[in-house]
Undergrad: 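Handing you this structure, nothing more for now.
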Amino acid sequence: MLTRLTGGTVYDPAHGVNGKIMDIYIRDGRIIAKPQTGERLDQEYNCAGKVVMAGAIDMHTHIGGGKVN
């Protein structure tokens with residue numbers, strides 16, 4: 001299965017990408033280089049205005065609730 005994420009703002013410090021708008025291609029759960037011209041996409045998602053990061057986790061919590069100082 002070939003999936004493309006289009007137009008997202010990509011952050012990938014391991015590869016020196018710091019906020020570049022680009023397309024990401026995924027095959028069988030792995031990020032790959034741009035495939036050959038003419039290869040059929042199975043899925044495509046518009047990520048314009050979104051941040052794309054491999055393995056990013058939003059690390060925050062609301063354990064104390066909204067009324068705790």
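What's counted below: heavy atoms across the whole structure, side chains too, no hydrogens, waters or symmetry copies. We're numbering straight along the sequence, starting at 1.
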Undergrad: Output every pair passing salt bridge (Lys or Arg N to Asp or Glu O under 4.0 Å) with a member in residues 17-34, not counting sequence neighbours, ordered by first then second residue.
TA: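 As it turns out, the salt bridge (Lys or Arg N to Asp or Glu O under 4.0 Å) pairs with a partner in residues 17-34, which skip direct neighbours, are Arg27-Glu39.
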
Undergrad: Just verifying a value: how many Å separate Met53 CE and Thr9 OG1, rounded to the nearest 0.5 Å?
TA: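 Reported to 0.5 Å precision, the distance equals 11.5 Å.
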
Undergrad: If you define the side chain from C-beta out and look only at heavy atoms, does anything of Tyr11 sit under 4.5 Å from Val52?
TA: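 The answer is no; the side chains never approach within 4.5 Å.
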
Undergrad: Name every donor-acceptor pair, under 3.5 Å, that has one atom in a side chain of residues 1-8 and the other anywhere in the protein, sequence neighbours excluded.
TA:
| residue | atom | partner | partner atom | Å |
| --- | --- | --- | --- | --- |
| Thr3 | OG1 | Gln43 | OE1 | 3.3 |
| Arg4 | NE | Glu44 | OE2 | 3.1 |
| Arg4 | NH1 | Tyr25 | OH | 3.4 |
| Arg4 | NH2 | Glu44 | OE1 | 3.4 |
| Arg4 | NH2 | Glu44 | OE2 | 2.7 |
| Thr6 | OG1 | Tyr45 | O | 3.3 |

Undergrad: Are Ile32 and Val17 linked, directly or through intermediate hydrophobic residues, by side-chain heavy-atom contacts shorter than 4.5 Å (ILVMFWY only)?
TA: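 In one cluster: no.
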
Undergrad: Show, in sequence, the C-alpha distance, side-chain angles and deciding distance for Ile24 and Val10, and conclude whether the side chain to side chain contact (heavy atoms under 4.5 Å, CB included) test is met.
TA: CA-CA 9 Å; Ile24 301 290; Val10 177; 4.0 Å; yes

